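The next block holds one structure in the form of structure tokens; read it before the comments.
In this chain, residues are counted from 1 in sequence order. The structure presented is a predicted model; accordingly, all values stated were derived computationally and were not measured.
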Amino acid sequence: MAQESRPLFAGALSAILPPFLQDVSELREIPDNQEVFAHTSTDQSIIVELLEYQEGVSDSEAARYHFEDVASSNDAEGQSEVLSVEPLPLAQLTLTDCTNAWLLTGLQLVAKFNEEARNTVNIHMALFRLPQHTTDLLVTFNDPAAINPSSSSAVGGASLAPPSPWTYEDFSRLLCSLQLHNSSIFG
């Protein structure tokens with residue numbers, strides 16, 4: 001069964017998103033530069049962000065820069081680790097406007113809702129560099145690896161083996177299917 005692309009940012013972009021997702025903007029306010037999706041049965045999430053192009057950061061270091069920025073937002077500074085940073089082959093991507101793309105894999109110890117209990121979260125982050133649009137497009141897949149028993153995620157039957165969790169292949173499909181339809185989104 002072929003999956004259809006879903007519009008992002010009012011149709012300016014599109015991608016094939018994984019099944020079992022909830023658009024978080026239907027639950028709470030999300031900044032205009034983000035699209036946020038949560039798995040309906042797990043604590044997994046995918047965030048697509050349009051960020052300011054980091055001109056002073058080399059292409060090979062830009063993914064690490066954004067990972068550290070996310071760690072700071074997650075209050076996980078000093079509790080995060082970059083495991084790998086690799087270039088994404090442009091030939092595999094449908095987002096032809098990017099000059100280069102990078103895939104970062106890391107870990108962060110993240111507290112949910114400012115709780116004290118920290119969960120170990122695998123972070124898969126793809127960075128598409130679009131200097132002609134002064135934009136870094138960041139796609140992040142948050143995939144909890146271990147839930148602290150004191151976390152609210154452990155209460156109410158949350159499980160490490162829920163039905164149909166998203167996979168790395170789902171994330172990869174999203175990355176390879178990402179398309180730009182209207183560059184006016186970049187202002």
Side-chain angles (χ1 to χ4, degrees), residues 8 15 17-18 20-25 27-88 101-129 135-162 165-172 174-175 178:
L8 302 168
L17 298 178
F20 311 110
L21 64 80
Q22 169 74 50
D23 184 339
V24 175
S25 70
L27 305 174
R28 63 179 168 88
E29 194 166 328
I30 299 295
D32 289 343
N33 71 315
Q34 293 182 346
E35 293 273 1
V36 180
F37 304 96
H39 192 287
T40 56
S41 302
T42 72
D43 275 353
Q44 295 173 309
S45 64
I46 291 175
I47 303 169
V48 181
E49 295 180 87
L50 302 175
L51 301 170
E52 181 180 346
Y53 181 77
Q54 296 302 311
E55 193 172 332
V57 180
S58 71
D59 290 338
S60 62
E61 288 297 312
R64 189 178 302 269
Y65 171 90
H66 288 293
F67 177 82
E68 290 169 2
D69 189 53
V70 168
S72 176
S73 296
N74 287 339
D75 195 27
E77 292 170 298
Q79 298 182 54
S80 63
E81 178 183 4
V82 173
L83 301 176
S84 66
V85 181
E86 303 170 4
L88 274 170
W102 297 87
L103 183 63
L104 180 145
T105 301
L107 291 172
Q108 292 183 5
L109 291 175
V110 179
K112 188 173 183 179
F113 306 121
N114 298 318
E115 297 174 343
E116 290 197 27
R118 293 189 173 272
N119 301 317
T120 303
V121 179
N122 291 319
I123 308 284
H124 302 285
M125 184 177 279
L127 175 64
F128 300 89
R129 306 224 63 201
T135 300
D136 278 342
L137 192 154
L138 188 66
V139 182
T140 305
F141 173 31
N142 298 299
D143 187 17
I147 303 295
N148 185 309
S150 300
S151 170
S152 63
S153 293
V155 179
S159 168
L160 289 179
W166 293 335
T167 64
Y168 182 80
E169 290 73 25
D170 291 323
F171 180 62
S172 182
L174 184 163
L175 301 179
L178 190 61

Would you check, one step at a time, whether the test side-chain contact (heavy atoms from CB on, under 4.5 Å) holds for Val48 with Leu137? CA-CA 7 Å; Val48 181; Leu137 192 154; 4.3 Å; yes
Check the pair Leu175 / Phe128 against side-chain contact (heavy atoms from CB on, under 4.5 Å), numbers first and verdict last. CA-CA 9 Å; Leu175 301 179; Phe128 300 89; 4.0 Å; yes
Mark yes or no for whether [X], through its side chain, and [Y], through its backbone, hold a donor-acceptor pair below 3.5 Å.
{"X": "Gln44", "Y": "Trp166", "result": "yes"}
{"X": "Glu55", "Y": "Tyr53", "result": "no"}
{"X": "Trp102", "Y": "Ala62", "result": "no"}
{"X": "Asn74", "Y": "Ala76", "result": "no"}
{"X": "Arg129", "Y": "Asp136", "result": "no"}

Should Arg64 and Asp69 count as an ion pair when the cut-off is N to O under 4.0 Å? no
For a quick test of reading the model, state the closest non-hydrogen atom pair linking [X] to [Y] and the distance between them.
{"X": "Ser25", "Y": "Asp23", "answer": "OG-OD1, 2.7 Å"}
{"X": "Ala63", "Y": "Leu127", "answer": "N-CD2, 3.5 Å"}
{"X": "Pro18", "Y": "Ile46", "answer": "CG-CD1, 3.7 Å"}

Please round to the nearest 0.5 Å and tell me the distance separating atom NE2 of His66 and atom CG of Leu51. 5.5 Å
Should [X] and [Y] count as side-chain neighbours, where that means a heavy-atom distance under 4.5 Å?
{"X": "Thr40", "Y": "Leu21", "result": "no"}
{"X": "Gln54", "Y": "Glu61", "result": "no"}
{"X": "Phe67", "Y": "Ser80", "result": "yes"}
{"X": "Phe37", "Y": "Val24", "result": "no"}
{"X": "Leu107", "Y": "Ile123", "result": "no"}

Report the residue from Val70, Val139, Ile47 that forms a side-chain contact (heavy atoms from CB on, under 4.5 Å) with Met125. Val70
Any donor-acceptor N or O pair under 3.5 Å, side chains Asn33, Glu49: no
Do His124 and Asp143 have a side chain donor and acceptor closer than 3.5 Å? no
Could you give me the CA-CA distance, side-chain angles and deciding distance for Leu103 and Phe171, then say whether side-chain contact (heavy atoms from CB on, under 4.5 Å) is met? CA-CA 11 Å; Leu103 183 63; Phe171 180 62; 3.9 Å; yes
Test side-chain contact (heavy atoms from CB on, under 4.5 Å) on Arg118 and Asp75 and set out the steps. CA-CA 10 Å; Arg118 293 189 173 272; Asp75 195 27; 3.5 Å; yes
